[in-house]
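Every chain is numbered from 1, with letters handed out A, B, ... down the list of sequences. Values below: every heavy atom of this structure, side chains too, minus hydrogens, waters and symmetry copies.
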Amino acid sequence: MSRWRYFFKRLLLSVPVLFLTMTFIFVLLRMGPVDPVAARLGPQATGAEAERMRERLGLNDPLWEQYLDFVTSFLTFDLGQSWVVFSGTDVTTIVAITGPPTLWLGFWAILLPLFIGIPLGFYAGLRPNSGGDYLASVSGILWQAMPNFWLCIMILAVLRQTHGGGWLGFDWYTFGPEIRSITGTPDLAFLSINSIETGLITVPLLTGVDWGALAVDIKLILPPALVLGSASMAAELRIGRTAILETINSNYVVTAKAKGLKDRVIIWKHVFRNAMIPLVPVITNEAFLLIGGSVIVESIFNINGLGNAFFQAMTQGDLPLAGALLFIFTLIIIFLNILQDLLYTLIDPRVGYDR
Amino acid sequence: MSLHEHAERTTTRDAPIIEVRNLQTAFFTEKETIRAVDGISFDIRPGETVGIVGESGSGKSVTARSLMRLVDAPGRILEGSSVRFTHLETVREYASTFAGRTVDLSALEETYDPVDLFERNEIDATPAAFGYEHAHEVSLADIVAAGYGDELGIVDEGDCIFITDGTPDSPDAIADGFIEITRLSGEAQRRIRGGRIAMVFQDPLTSLNPVYTVGNQIKEALRLHQGIKGDAATREATALLEAVGIPDARRRVNEYPHQFSGGMRQRAVIAMALACDPELLICDEPTTALDVTIQAQILDLLAELQETRDLAMMFITHDMGVIAEIADRVNVMYAGEVVETADVNTLFADPSHPYTRGLLRSIPGQQTGDRLETIEGNVPTPNEPATSCRFAPRCPEAIDECETVHPVSVPVDEDEPDHTAACLHCPTQLSTDQAVEMHRRRNATRNGGDLE
Ligand code: SF4
């Protein structure tokens, strides 16, 4: 089938992208302004000591050998050690600690707009120029117009106000699962995983879910996720509305009506699926932006995540950490791209068909 | 015409399946009211193809959409319009399904006499608005169907099935009646679409949903209108694709619209319309987007399908050549009005309206150049009730009176009541002065009943 062949072609295309990124990171690390030896030993390192360090870091090898080393170690996830921020710690360890909170935040920052923005946009598109449409569209624009950092602070301020019973007795701290602080890193320990040794490999097995802990983790992540997803939510609302309007006026919807289909079938079968097509790139593109946005949101909400780590690595010249994180971000983006192609392929049979 | 005569008429083979009377559809914009369809009347019989021909902007498509009730806001069918669907089986079925919306007109007829109603001025229209000269010719059915029954308190808002012979209590014994399409709403309206009146649209490239297979979209209609599901539906869909001349139907039933060529797609759209098993098929310029050889194939296909399925067909086109091939009767539309109607042979042999003559001169092949090149100018937008001939600015035969008198449809000459034209030069047996006088008089009686 030609659409699946197209999909695999796209899949293959991510290989050169991956290599390009790695080369770029390599160039940045080796030829960038920061001298690795100076960064590790301080600028006043003496000749002999510096020379030993050079040797240890492999900086005296020919460049192509360094490049090969670099690529193989990245591809095997041997990402080296942090220089400054978490001096001497393996980058993989850092990622294992800071990754999950970021993924948790990103997951909700994608999910919330998806389930609020798109339904609202569809609702508005189905009732164009009605009161509900205006309300949804205007609040979408307002929501998007508010900058993230400002939204963060406002939400924190408002939620803090409710401590000890604020407005109408509503207290965010005790509302639902109780939390002590409204900021901080979710510990994500709601899954208990036991491992089974099978001799050759160890199989992780999900043995239980701590629903209370899960609720706390969700509650903790909702405000930052809402802020982080605000732009996506508004964009999805807007595009969703336009997509519905365009689809509903298309000839095949008139044909469906002329066939005598029920309105419900027309909307769910003939309108929604077509309206999703222009939304796919919006969803994935907004997901790219989350990576940048998470830096601000993580530092304001005091979440110990990848964004936060990347920010510190960049400001403190911790090149291996920054490079490794950049590599991980690239992987995420490549993954999102593949996801986008997959969604396209699933929704639109015309994909990859050209005549 | 009494109800009794009406009953007799419908029992013959020639009874129309749909009767359009004084249909008016207008679009209300902030700037103006566009009277896209302005008081047209025609019938369609089973097995017959009625062609509607005219340039773009003449109101052909709006007519089709009005019959399907697909006119969206700001467009609306005006009071006084009537589109009666008289297919007896459908009427019986509707009378039993929608008993609450069924009205027994024969019973009402005893209490209400149209002549009385006109005399007491209880109806906001004159007999001329119904197409008659005298009040006693107007039946109660005409009045109720045109929407005046609500003001009289005879019918409720939702009523749309009218029984003229028989009683709603025993639907199977109903001998005559009609469904008033302009009064339909909700479920009753939905059920007319597809299953009773199906439609093939102009552009086959966009009238199929790109994300579902052709088979899926045909099966959807099969399930809805014929209750065929699952494997049986797939088989039936394949059979339909074969019937419309798609080779290798078994494979193609699982293909997507973009894998079909334009002509094949239009065949698939026709198959989809047939899957609804309609009584009347409306084709809105089905061949315009296709090239000439394929156009001929599709016309042949439609003619053949009509023959085998005894379909009534309404065929809309701007192309006189196509009309000559497919139509039995022709209505020529101009600026929202039917300006000439005749059977196809008469129309081509003896066109009486100057506009028809212009269209005939412009058949491709008879001369070179663009379509309709002999008629200078464009169709005007009909935004006022007509007080002149709307064709006058472009008419080579116009006389001074054309600017002040609105021509009504009259028989072209006495022996041919089925050939009518709306031109001041008709009827031909009268002198021009007499004819103008006649049109003026008919207008005067009619104008009392004109809407808005
Ligand atoms: S009424 Fe006058 S303007 Fe109109 S078609 Fe006849 S001759 Fe021409």
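Between B:Glu180 and B:Thr182, the shortest heavy-atom distance links the atoms OE2-OG1, 2.6 Å.
Ranked by non-hydrogen atom pairs under 4.5 Å with chain A, the options B:Arg69, B:Arg191, B:Glu220 are led by B:Glu220. The most heavy-atom pairs under 4.5 Å with chain A, out of B:Gly194, B:Pro210, B:Gly195, come from B:Pro210. Of the listed residues (B:Thr206, B:Leu208, B:Val200, B:Leu205), the greatest number of heavy-atom pairs within a distance under 4.5 Å of chain A belongs to B:Thr206. The most heavy-atom pairs under 4.5 Å with chain B, out of A:Asn251, A:Asp263, A:Thr247, A:Asp348, come from A:Asn251. Listed options B:Ile192, B:Asp203, B:Asn216, B:Thr213 were ranked by heavy-atom pairs under 4.5 angstrom with chain A; first place goes to B:Asn216. Contacts with chain A were tallied for B:Met199, B:Arg65, B:Met272; B:Met272 has the most, counting heavy-atom pairs under 4.5 Å.
Using the six-membered ring where Trp is involved, B:Tyr94 and B:Phe98 have ring planes that are tilted, between 30° and 60° apart. A:Phe272 and A:Trp268 have perpendicular rings, their planes meeting at more than 60° on a 0 to 90° scale where under 30° would count as parallel.
Within 6.0 Å of the CZ atom in B:Arg251, the count of heavy atoms belonging to other residues, nucleotides or ligands exceeds 12.
Looking at A:Val253, there are no atoms closer than 4.5 Å to chain B (heavy atoms on both sides), in backbone or side chain. Residue B:Gln217 touches chain A through both its backbone and its side chain, counting heavy-atom pairs closer than 4.5 Å. With a 4.5 angstrom heavy-atom cutoff, A:Ile347 touches chain B only via backbone atoms.
Of the options B:Val253, B:Ile218, B:Asn254, a side chain to side chain contact (heavy atoms under 4.5 Å, CB included) to B:Thr238 is made by B:Val253 and by none of the others.
For B:Asp277 and B:His225, the side-chain atoms include no donor-acceptor pair closer than 3.5 Å. Looking at B:Ser207 and A:Thr255, their side chains never bring a donor and an acceptor atom within 3.5 Å of each other.
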